S.K.: 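Structure incoming, see below.
So you know, we letter chains A, B, ... as the sequences are listed, proteins then strands, and number each from 1. Every heavy atom of this structure was used, including side-chain atoms; hydrogens, water molecules and symmetry mates were not. Predicted model, so just to flag it, every value in this text is computed and none were measured.
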Amino acid sequence: MSSAYQPDIVEKTAQDHWADARCFEVGEDPTREKFYCLTMFPYPSGKLHMGHVRVFTISDVFARFHRMQGKHVLQPMGWDAFGMPAENAAIQRGVPPAQWTYKNIDDMREQLKRLGYAYDWTREIATCRPEYYRWEQWLFTRMFKKGLVYRKNSVVNWDPVDQTVLANEQVIDGRGWRSDALVERREIPQWFMKITAYADELLEQLDDMPGWPESVKTMQRNWIGRSEGVELAFDVPGENDPLTVYTTRPDTLMGVTYMAVAAEHPLATRAAESNPQIAAFIKECTTSDAAEATLETMEKKGMPLGISATHPLTGEDVPLWVANFVLMSYGTGAVMAVPGHDERDWEFAKKHGIPIKQVIAPADGTEIDIQEAVFTDRGVLVNSGEYDGLSFDEAFDAIADHFEKTGRGGRTINYRLRDWGVSRQRYWGAPIPIIYCDDCDAVPVPENQLPVVLPENVEFTGVGSPLREMPEFYETVCPQCGKPARRETDTFDTFVESSWYFARYACPDSSEAMLDERAAYWTPVDQYTGGVEHAILHLLYSRFFQRVMRDEGLTDVSEPFTNLLTQGMVLKDGAKMSKAKGNTVDPQELIARYGADTVRLFMMFAAPPEQALEWSDEGVQGSFRFLKRFWNAVVEHAASGPVALLDVDLLNNEQKALRRKTHQTIGKISDDIGRRNSFNTAVAAAMELLNAVNKLKDESDGDRAVVHEALEAVVLMLSPIVPHICHVLWQELGHETPLIDQAWPDVDESALEADRIEIVVQVNGKLRARISVPADADREVIESLAVADDNVQRFIAGNDIRKVIVVPGRLVNIVV
RNA sequence: GCCCGGGUGGCGGAAUUGGUAGACGCAGCGGACUUAAAAUCCGCUUUCCGAAAGGAAGUGCCGGUUCGAGUCCGGCCCCGGGCACCA
């Protein structure tokens with residue numbers, strides 16, 4: 001194959017070999033170190049996009065690199081197959097969601113195969129298959145029995161025209177995407193998983209996860225949001241139950257000048273009965289979507305309820321307000337407000353003429369005017385009676401003690417994290433295995449009746465779930481009492497499927513259990529790669545599910561992913577590439593034109609993996625040109641005859657320099673891929689080495705030997721990134737055994753030694769000269785050579801040398 | 001609004017532990033080869049001054065620490081991601 005580079009032929013040759021030899025199909029081998037390499041599985045939209053190519057290529061580089069390190073590597077692939085796009089397609093084209101999804105899976109599998117990823121396709125999973133989702137239904141019923149799932153009312157976006165629940169994505173500027181009607185918040189009963197039962201464990205374990213990026217751990221810590229505070233009861237005259245609030249600032253208690261409750265709070269509802277203005281305000285509060293970003297950014301509004309609570313320390317009246325920024329589903333649905341020492345309360349008080357009282361003073365004694373500016377720092381208590389002069393900690397303890405002694409509250413740990421609502425009022429998802437009986441309430445479907453199979457041949461109108469129109473689905477009998485009963489028609493949030501698929505790849509065919517002993521061999525995942533947009537939800541739910549499976553006795557593993565790489569988005573025109581925005585680039589065209597290797601190389605070279613990659617059509621050309629140069633360099637070298645054995649003693653300086661470059665590059669690329677995840681600089685280093693090879697004539701025995709060594713190194717080290725061309729070039733270099741079975745190259749330390757090194761000379765921190773010194777020169781020698789330099793003399797002449805800093809191997813800085 | 005990132009030539013980016021700013025590539029310019037074009041190869045390419053040697057400025061903005069700051073600290077600005085029903 002000594003002609004021009006033809007990617008289609010090269011890539012078919014390599015892929016045929018891997019398929020024929022079943023290179024990537026792996027079983028369990030306890031004698032070898034395993035390496036489980038996984039990518040967040042794709043939604044089968046039907047077309048591969050650049051974000052897919054990026055993440056799959058990153059993962060494939062890991063898989064192939066660790067295989068060359070001698071590890072037993074598993075890299076599976078599957079489909080996150082439930083979700084809204086299938087329903088949208090069904091509405092638009094009249095195709096049942098199942099049919100559309102299976103077709104897409106077939107199409108995308110072919111596209112993936114064309115890219116040459118090292119997948120074990122025998123383990124493929126599709127989450128919409130009953131063999132898969134039966135096990136999450138099973139786990140749900142186990143969680144039900146343990147009290148880890150429960151039902152409660154929760155807010156959804158309600159489209160009053162289409163009479164249906166909308167996803168946040170389906171709400172555009174507060175209106176339903178199809179009806180254009182103003183969306184309302186409405187409460188309906190939904191199933192929840194008690195992730196908060198694991199909040200502490202999920203938080204604490206983050207401190208012991210060195211393989212995760214700090215940013216992701218920080219985001220998860222803040223999301224869980226553990227806080228230590230105090231619960232306080234305020235009596236409301238005429239009410240039986242006190243109004244309980246939670247605060248992390250009990251030291252500001254004496255500064256409370258009003259309280260606020262949510263629109264859905266019983267006190268507000270009661271007040272609305274006799275006051276039409278309040279009723280109207282409450283109605284207005286529910287006319288918005290349920291997204292937190294909407295609630296947090298909308299104008300803070302409130303209205304006095306005309307009643308007061310009693311301050312628990314002073315006995316003074318504290319007026320009650322209803323406000324749109326207090327959420328019923330969050331804590332107790334009521335907050336105490338301290339305008340002097342809370343930003344939002346201060347602004348609200350200013351707007352509504354509510355008194356602002358200073359009860360904290362700066363610890364350093366600075367005078368402040370609380371009417372002019374809010375003071376939110378911790379400080380010393382003032383205007384607080386017996387608590388005056390106390391610090392934050394002292395006041396926290398004194399006030400918490402007081403409430404504990406009087407039985408009116410006390411220390412509490414609070415989490416921002418809320419339980420996971422898993423109910424979706426949608427068709428294309430896994431049925432929630434619950435049966436409602438008039439006598440027995442909600443009863444989980446018995447294990448021997450699982451799975452509850454989702455009917456796949458349905459008429460799909462888009463308004464409401466077809467399951468609700470299918471008596472043959474929902475009509476059943478109660479498993480407990482045998483009376484006619486009704487099956488749950490809601491389905492699971494698709495995050496449920498993606499919270500445990502990583503473990504199922506170990507035993508995808510197990511019909512006896514959710515996981516079997518093969519999972520003990522392969523889990524946890526050693527390297528997990530996926531989009532940074534999943535940094536919180538998917539990764540936190542997976543960490544939760546792993547623990548639920550552990551506590552169910554299915555595994556000993558607590559943390560599902562040992563090392564995590566969150567790859568940045570592929571952007572175009574400054575925004576995430578997405579079908580919705582219509583700014584996608586089709587990888588298929590590029591592959592047809594340049595081959596998979598060029599596309600893989602470009603994705604790895606264009607940006608560091610964790611950063612956003614701004615797409616540009618130019619630059620792909622450059623990657624293709626490099627592969628052609630690479631091809632020609634190897635083919636021409638191989639064509640010019642046999643290579644003499646390398647004899648390092650006979651090398652001239654130029655040849656030694658190339659050898660040094662070769663082994664420096666082996667060291668650099670090993671570190672770049674193996675430790676730094678810095679694939680772009682690994683490619684750059686390989687390019688530099690190839691540029692250096694092309695400068696040598698490749699004629700003498702010594703030339704040919706060092707060129708051969710360098711080319712072998714480049715072929716081996718680029719093979720994780722561009723595996724097809726390297727497969728063929730390895731044969732060109734005269735090897736019988738295929739490249740896929742080769743080990744990663746080693747650094748020859750002796751090749752790195754150099755006689756002389758370059759040192760930079762600065763005067764007052766400004767670069768003035770570069771000098772060449774013997775590699776073993778000591779400080780005095782380096783210093784005297786530096787001072788002797790002509791240009792350095794120009795800048796130090798006539799001045800006293802005050803100080804000389806010598807950084808060995810790097811620079812000299814002369815301070816005058 | 002809150003949480004997490006990012007900001008370096010015309011462009012993507014490099015600089016790994018505070019020590020040569022701009023590696024590698026794209027685009028551009030000049031040259032070789034060619035009847036010509038494409039492809040390929042060679043050279044130049046941060047800005048300003050200078051024939052050159054060399055000098056000055058320079059990593060979003062303002063300030064600080066240091067012999068030395070893209071890197072550390074304080075305060076801002078802009079862009080991207082997430083915010084619990086997009087996946």
S.K.: With a 4.0 Å cut-off on heavy atoms, is A:P608 in touch with a base, just the backbone sugar-phosphate, or nothing at all?
M.R.: sugar-phosphate
S.K.: Rounded to whole angstrom, note down the P distance from B:G60 over to B:C24.
M.R.: 23 Å
S.K.: Going 5' to 3' along nucleotides 1-11 of chain B, which nucleotides have protein heavy atoms under 4.0 Å from the base (write B), which only from the sugar-phosphate (write S), and which from neither (write -)?
M.R.: B-SSS------
S.K.: Just wondering, more than 12 heavy atoms not from A:Q163 lying within 6.0 Å of its CD?
M.R.: yes
S.K.: Which nucleotide, in any strand shown, forms a Watson-Crick or G-U wobble pair with B:A84, with both distances under 3.5 Å?
M.R.: none
S.K.: Applying a 4.0 Å non-hydrogen cut-off, can you work out what A:I814 is touching in the nucleic acid: base, sugar-phosphate, or nothing?
M.R.: nothing
S.K.: Using a heavy-atom cut-off of under 4.0 Å over every strand shown, decide if A:N632 touches base, sugar-phosphate, or nothing.
M.R.: nothing
S.K.: Where each residue is assigned the nucleotide of RNA chain B containing its nearest heavy atom, which of A:E688 and A:L417 is assigned the position nearer the 5′ end?
M.R.: A:E688
S.K.: How do A:L811 and A:V155 order along RNA chain B: which one's closest nucleotide is nearer the 5' end?
M.R.: A:L811
S.K.: A:K695 has an atom NZ; how far is it from atom P of B:C42, in whole Å?
M.R.: 7 Å
S.K.: B:G18 and B:C73: how far apart are their C1' atoms, nearest whole angstrom?
M.R.: 13 Å
S.K.: Please work out if A:F605 contacts a base, only the sugar-phosphate, or nothing of the nucleic acid, heavy-atom cut-off 4.0 Å.
M.R.: base
S.K.: Base, sugar-phosphate, or nothing: which does A:S423 touch, judged by heavy atoms less than 4.0 Å apart?
M.R.: base
S.K.: Go through B:C86, B:U20, B:G25 for me and flag the one nearest to the A:V760 side chain.
M.R.: B:U20
S.K.: Please enumerate all residues that pass side-chain contact (heavy atoms from CB on, under 4.5 Å) together with A:P608, with sequence neighbours excluded.
M.R.: A:Q611, A:N680
S.K.: Taking syn as within 90° of 0 and anti otherwise, name the glycosidic form of B:G9.
M.R.: syn
S.K.: What does nucleotides 62-76 of chain B look like as a protein-contact string, B for base, S for sugar-phosphate only, - for none, at under 4.0 angstrom between heavy atoms?
M.R.: -----B---------
S.K.: Suppose we call two aromatic rings close when their centres sit under 6.0 Å apart. Are A:F502 and A:Y528 close by that rule?
M.R.: no
S.K.: Would you mind pulling out the nucleotide paired to B:G5, Watson-Crick or G-U wobble, both distances under 3.5 Å?
M.R.: B:C79
S.K.: So which protein nitrogen or oxygen atoms get under 3.5 Å of nucleotides 28-31 of chain B's nitrogens or oxygens?
M.R.:
none

S.K.: Can you tell me if A:N88 touches the phosphate of B:C86, counting only side-chain N or O atoms and a distance under 4.0 Å to OP1 or OP2?
M.R.: no
S.K.: Base, sugar-phosphate or nothing for A:V156? Non-hydrogen atoms, less than 4.0 Å.
M.R.: base
S.K.: Spell out yes or no: do the side chain of A:K766 and the base of B:U20 have one donor N/O and one acceptor N/O closer than 3.5 Å?
M.R.: no
S.K.: Within this structure, what is the CE-CG distance for the pair A:M40 and A:D80, rounded to the nearest 0.5 Å?
M.R.: 11.0 Å
S.K.: Nearest 0.5 Å, please: how far is OG1 in A:T489 from OH in A:Y427?
M.R.: 13.0 Å
S.K.: Side chain of A:T681: nearest nucleotide among B:A15, B:C24, B:A84?
M.R.: B:A15
S.K.: Counting neighbours of CG on A:D377 that are heavy atoms of other residues, nucleotides or ligands and sit closer than 6.0 Å, is the number greater than 12?
M.R.: yes
S.K.: What contact category does A:H534 fall into here, base, sugar-phosphate, or nothing, at under 4.0 angstrom with non-hydrogen atoms?
M.R.: base
S.K.: Scan every strand shown for a Watson-Crick or G-U wobble partner of B:G43, both distances under 3.5 Å, and answer none if you come up empty.
M.R.: B:C29
S.K.: Expressed as a whole number of Å, how far does the C1' atom of B:G58 sit from that of B:G81?
M.R.: 31 Å
S.K.: Taking atom C1' in both B:C26 and B:U34, what distance in whole Å separates the two?
M.R.: 26 Å
S.K.: Assess the pair A:W500 and A:Y132: is the distance between their ring centroids shorter than 6.0 Å?
M.R.: yes
S.K.: At 4.0 Å (heavy atoms only), tell me whether A:F492 reaches a base, stays on the sugar-phosphate, or touches nothing.
M.R.: nothing
S.K.: Ignoring backbone atoms, test whether A:R625 places a side-chain nitrogen or oxygen under 4.0 Å from the OP1 or OP2 oxygen of B:A27.
M.R.: yes
S.K.: Going by purine N1 to pyrimidine N3 plus the second Watson-Crick contact, or the G-U wobble pair, all under 3.5 Å, which nucleotide sits opposite B:G19?
M.R.: B:C67
S.K.: Please measure how far the C1' atom in B:U8 lies from the corresponding atom in B:A14, and state the result in whole Å.
M.R.: 10 Å
S.K.: Considering only the P atoms, how many Å lie between B:C76 and B:G10, rounded to the nearest integer?
M.R.: 30 Å
S.K.: So A:R416, base contact, sugar-phosphate only, or nothing? Heavy-atom distance under 4.0 Å.
M.R.: base
S.K.: Under 4.0 angstrom, heavy atoms only, what part of the nucleic acid is A:F626 near: base, sugar-phosphate, or nothing?
M.R.: nothing
S.K.: Do other residues, nucleotides or ligands put more than 12 heavy atoms under 6.0 Å from A:R468 CZ?
M.R.: no
S.K.: Any side-chain heavy atom of A:N764 within less than 4.5 Å of one from A:V815?
M.R.: yes
S.K.: Record whether the side chain of A:R810 comes under 3.5 Å of the base of B:U20 through a donor-acceptor pair of N or O atoms.
M.R.: no
S.K.: Assess the pair A:F492 and A:Y133: is the distance between their ring centroids shorter than 6.0 Å?
M.R.: no
S.K.: Remember a base hit wins even if backbone is also touched, and classify A:R794 as base, sugar-phosphate or nothing at under 4.0 Å, heavy atoms.
M.R.: sugar-phosphate
S.K.: Could you check which nucleotide pairs with B:A14 in any of the strands shown, counting Watson-Crick or G-U wobble with both distances under 3.5 Å?
M.R.: none
S.K.: Who passes side-chain contact (heavy atoms from CB on, under 4.5 Å) against A:F624, sequence neighbours left out?
M.R.: A:Y5, A:P7, A:Y594, A:T598, A:K628
S.K.: How far, in whole Å, is B:C78 from B:U66 if one measures between their C1' atoms?
M.R.: 29 Å
S.K.: Is the distance between the ring centroids of A:F626 and A:F605 less than 6.0 Å?
M.R.: no
S.K.: Can you confirm whether A:R593 is buried at CZ, in the sense that more than 12 heavy atoms of other residues, nucleotides or ligands lie under 6.0 Å from that atom?
M.R.: no
S.K.: Can you name the side-chain contact (heavy atoms from CB on, under 4.5 Å) partners of A:K697, sequence neighbours left out?
M.R.: A:E699, A:D703
S.K.: Closest to the A:A684 side chain: B:C24, B:C41, B:C86?
M.R.: B:C24
